[in-house]
Each structure stands twice: as C-alpha cells, then as structure tokens.
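Notes follow once the structure below has been shown.
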Amino acid sequence: MVAPDYFYKTMYKCVEQAEKFSEKTAIIFDEKSYTYQMLIDSSASMAYHLLDVRNDLQEERVAYMVDPGFDYVKVQWAIWRAGGVAVPLCLTYPFPSLQYVLEDTEAKIVVVSPQYKSMFEEYAVQHGIRLIETHESPSTIKNNLPIVSDDRRAMILYTSGTTSLPKGVVTTHENIQTQVSTLIEAWQWTSADSTICVLPLHHVHGIINVIGCSLYAGATCEFMSSFSAEVLFSRFLSGAINVFMAVPTIYFKLISHWETLNDQQKAEAKDAFQQFRLMVCGSAALPVSILEKWEVISGHTLLERYGMTEIGMAISNPYIGQRRAGHVGIALPGVSVRLVDEKNQSAASDQPGEIQIKGKNVFLEYWKRADATKESFTEDGWFKTGDVALLDEGYYRILGRNSVDIIKSGGYKISALEIEEVLRTYAAIADCAVVGIDNDEWGELVVAAIVIKEHVDTSELNMWMRTQMAAYKTPRVYKIVDELPRNAMGKVVKNDVKKLFI
Ligand code: MLC
Ligand code: AMP
C-alpha cells in the first residue's frame, strides 16, 4: 500500500519509529530504564506544556539546558512535536556564551534541568522569557499536536568558524531525517543494539550519530553524565553495550586507562570487546597510532568517518569491507561528494581539493546570516566545507583545512578569532594571536601568544577567560612575546606563531 503524501512530509519520524518499539528500553540513565512509550508520552506532555494556549510553536526557538539522559530526549522531541526549533545549550558555557545564543536565536522559552534554573531566573524576568523546568507538567492536555512538515526548521547548533562569533547552523526535519537514516543504513543499526553516549549534547556527533541513530533504530541508549575513562571501561565490561562512538581524544584517554590495568583486567576487557558490533571514531583526524593500539586492545578496527555540523556525516569507511587507517572512506549513501581546486573546478584525480557536499543532509542556512550562507555554497549548490582532501585509491584522505583559524581540540571546533576577540578585551593585553599546535591527546592544543601593556599573571588571565567562554575553548598555554610575527603586509603569520610554542 502506498502511504499518503503527507506521511512523507511530516517531521523527523522519531515518534513514529518509537511506536514500533513501545515497551522496549529506549534509555538507561542513573541505573533507571525508560521505555519508548515513556518517551512518547512524556514528550507529548511536555509539548503541550510548551504550546500552552497555542496550537503550533511555528518555529519559535526553544533553548534547553538539560543534562544528558531521559529528560534531554524528552525535551528535544517535545520541541519538535510542538513545532518549535530545538536549541541545545552547552552545559559548561559561562553565562555570557549562553546569553549570546539566547539573543541570537531570540528564544522566548528556555527549558532547564532544576540545577540550572537559578542561572537564568533574573535574565528570564528581564527579557520576558518563559523558564520551564524539565519536570513541569501541563495544566491542560489538548487532543492533538500540530502536523509539522519536514521542510520546517528543526534545530540550531552553534559552530565556531572563520568569523569571531559562532554561527547558528539551522537544520530542517528533512535534514535530520536524512542524516540519521543514512547512518542507520550504512552502519546497520538495529533494535538489538545498545550504545552509551558520553559526548556533549550540543553537537551533531552526540545528537545525530549516537542518540538520533540509536533511538530511531529502536536500540537502547545509555547516558553518562560526564566522561570518565574508568567508569566507561566498567560499562564496557558489563557486556551490555555493543556499539560505541567517540572522538580520538576519548580513545586516547581509554588507551591510557587500559595501560593502568593488570593482565587479568586486560584479558577481561578483551573478552568484553568481543561482544561489540561496531566502534566508530570521528570529529577529528584519527591518528594511525590510536587506531593500531585500539586494535590490539579490543580486536576492533575503528571505523573512521568524516562529518560536520552543517552536513551531519558525509564520508565513512565501510561497515563491511576494508577500513583504511588514515582515511575517512567513501561517500555515504545519498551524499554527493566532490573535490575542487581554487578555481572551483573538479580537482585532477591525483590532486587534493576542497571537499564539497550536496544532498538532503546539507543544512538549510546559517541563522540570520544570509551572506554567510550564500558564501558557503557554490552557485550550483555545493556546500564548501573548507576541508582539503585527496582521493587515494578510492578512499578520501583528509589533508587539512583551508583556514588556520579553525582549531580542532578534543573533537571540538574552536575559532582562534573568537578567542582572540575575547583576549583583546582584557585590559593588560595589547595584542594576541591564537593557534592550535599538534598534541597527541587533544589533536590540537589551543595556545596564545600575547603582547602585554602591563604585567599579566597568566593564571589569573586563564581564570578570567573561563568566565568568558567554555573552558574547552580557552588557551592551555600563554606565551608573552614582545611582538607577534608578521609578514611584509603587517599580517600575523600564524604558522610562525606556532613555531613560538615548539
Ligand atoms: C578539557 N581540557 C583540555 C581540553 N578540554 N585541555 C586541553 N585541551 C582541551 N581541548 C582539560 C580541562 O581544562 C580539565 O583540566 C581536564 O582537561 C578535564 O576537563 P573535562 O572538561 O572534564 O574534560 P573531559 O571530560 O576529559 O573532556 C574530554 C572530552 C571532551 C574528550 C570528553 O573534550 C569531549 O567531550 N569532546 C567531544 C566534543 C564533541 O562532541 N565534538 C563533536 C563536534 S561535532 P583542568 O585543569 O581544568 O581540571 C563534529 C562533527 C563530526 O565535529 O564530524 O562529528
Ligand atoms: P564541527 O564544525 O564541529 O562539526 O567540526 C567539523 C570538522 O571536523 C570538519 O570540518 C573537519 O575539519 C573535522 N573532522 C570531522 N571528522 C573528521 C575526520 N575523521 N578527520 C579529520 N577531520 C575531521
């Protein structure tokens, strides 16, 4: 039977999928299990609460600062079911960074786990924001939720880039549907799978690849409130998990922890890893040394893939077939990939080029930044990633990025310009340059060269920076210099700044 047209055009089908698995465990958190039915019912209830007297939030932005776990997914689905746009907030942002997101999205509703309420109370009153706690229930339940078409905006995630302020990446329900379905097909997710989410939930890696895929497939998703290699290892040993996804830094930390185990514990770990079906790594280049060490530890060849906030995942090593170290694989189903030279012409087959992407996975726009959106696409509709790759015997190999101002540290994308902008507001700093330097654990380490007007205590500066931006963005090393290395045009030469830290 052919389904009616509207069936295909409604929002991301997380709830329709959940109905197929109603009594199965969807989420495990804090030693409690939650079924898919609980998720369906609670998200409906929260959706009515968000709607209040309205029938449809009509793409109103709803920001939420909710700990990983059942409530996080409940709120996310509720926003979608009420016709709103989900704006997850980073749990470790200091208030100025949160305020930036609230102002940029003009969110009029903020949902919080109880412990975050006090952070927003005064601001909410001043700005007419409705502040809702995750446990609140609606006073009245209506009979139906709005029908949300799949071309509507669903989510805004903030990404740092080549501008000093982070940009909101807007994805539609169709984009999310495509990003999730593609991975389910490529990595063969099923309802028999169980995964554990250790990633932050304001980025696609955690949101799409872990939560999105597992819950769409009817699998079980366990949450850890924050990353700990020791606790994670104990969860691996329990035998309850068979799919795992993380960034290279996490595998580095797991390897370091494994090295502290005795021989018997190592053997137990190896046994436990035999039950795994799939282990994936991405968000930053996976060093071959980590892939090789993890293979010895677990018997698994990590599946490396390549993605971006704007596109979800685009390129992946195969689930079945050769996973090639140092390579990110081939285009995912439904994703078109090409490499182009500086003239935007297809790169010669043995030459590197910028990765450009087309497909229903590609985002709609940068929120309220029409110019930035236009600039990021070619005239014929390809998204320009800014990453440079080579096609090497059929597999893509990432060579680097077009911009030195984008740093990847711990899997987070960090803008050097954003950090410099904040550093320059520190009264004793005359000038500065921020770069990423190679680091085994973090991929790149954020460091800053500063020229000072008066004495600077760098530990005080460091503490102050943490009040201005998320700790993961702040420089790890400050070097006081007389002047910054510049070229004949007076422009700071970032590659020379890097040399100051060798
Ligand atoms: C934290 N620390 C760092 C750091 N981040 N030091 C150097 N460089 C960094 N980047 C320090 C902290 O200051 C602290 O030290 C100590 O490490 C522990 O901090 P933490 O915050 O508790 O760290 P931890 O929990 O261990 O975090 C490590 C991590 C985290 C790897 C779990 O960075 C993480 O979750 N990364 C994943 C990010 C992610 O999801 N990216 C995907 C983006 S989407 P002190 O001295 O202060 O105590 C994307 C698309 C795609 O990229 O393809 O997926
Ligand atoms: P983000 O903007 O946080 O989504 O980060 C996306 C960026 O992460 C990409 O543009 C790449 O630079 C980088 N990235 C993601 N996966 C990989 C990978 N497997 N290898 C190298 N870089 C990667």
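Just follow the structure's listing: the first ligand is 1, and inside any ligand the first atom is 1. None of the values given here were measured: they were computed from a predicted structure.
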Closest protein heavy atom to atom 1 (P) of ligand 2, given as residue, atom name and distance to 0.1 Å:
T309 OG1, 3.4 Å
If only side-chain N and O atoms count, and only distance matters, is there a donor-acceptor pair under 3.5 Å linking D371 with Y366?
no
Atoms in ligand 2 flagged as close to T159, the criterion being non-hydrogen separation under 4.0 Å:
2 (O)
For atom 8 (O) of ligand 2, state which one of H327, K413, K408 supplies the nearest heavy atom.
K408
State whether E441 and K253 are salt-bridged, where the test is any N-O pair (Lys NZ or Arg NE/NH1/NH2 against Asp/Glu carboxylate O) under 4.0 Å.
yes
Proximal atoms of ligand 2 relative to E304 (non-hydrogen, under 4.0 Å):
18 (C), 19 (N), 20 (N)
What protein heavy atom sits nearest atom 17 (C) of ligand 2, and how far off is it?
A284 N, 3.6 Å
Shortest protein heavy-atom distance from atom 16 (N) of ligand 2, along with the residue and atom involved:
S283 N, 3.2 Å
Is there side-chain contact between Y116 and L89, with at least one heavy-atom pair below 4.5 Å?
no
Residues K74, D71: salt bridge by 4.0 Å N-O rule
yes
Output yes when R369 and D104 qualify as a salt bridge under the 4.0 Å nitrogen-oxygen rule, no when they do not.
yes
Polar proximity ligand 2 side, D387 side, N/O cut 3.5 Å exclusive
yes
With a 4.0 angstrom cut-off on heavy atoms, strictly below it, pick out the residues next to ligand 1 and order them by chain and number.
L199, P200, H203, V204, H205, F227, V247, T249, I250, K253, S283, R305, G307, M308, M313, K408, S409, G410, G411, Y412, W442, L445, R466, Y472, R476
Between the side chains of N175 and T172, does any donor sit under 3.5 Å from an acceptor?
yes
Under 3.5 Å: N/O of R305 near N/O of ligand 2:
yes
What class does the angle between the rings of W294 and F236 fall in, given that below 30° is parallel, 30 to 60° is tilted and above 60° is perpendicular?
perpendicular
Scan F223, Y64, Y34, W77 and name whichever one has a ring pair (Phe, Tyr, Trp, His ring centres under 6.0 Å) with Y72.
Y64
Please indicate whether any nitrogen or oxygen in E310 is less than 3.5 Å from any nitrogen or oxygen in ligand 2.
no
Do the charged groups of E375 and K167 touch, with an N to O distance under 4.0 Å?
no
Protein contact to atom 21 (C) of ligand 2 [nearest heavy atom, distance to 0.1 Å]:
A285 N, 3.3 Å
Just jot down the ligand 2 atoms closer than 4.0 angstrom to any heavy atom of G307, in number order.
6 (C), 7 (C), 9 (C), 15 (C), 16 (N)
Which residue pairs pass the salt bridge (Lys or Arg N to Asp or Glu O under 4.0 Å) test when at least one of the two sits in residues 236-252, sequence neighbours left out?
none
Does a side-chain N-to-carboxylate-O contact under 4.0 Å join D380 and R338?
yes
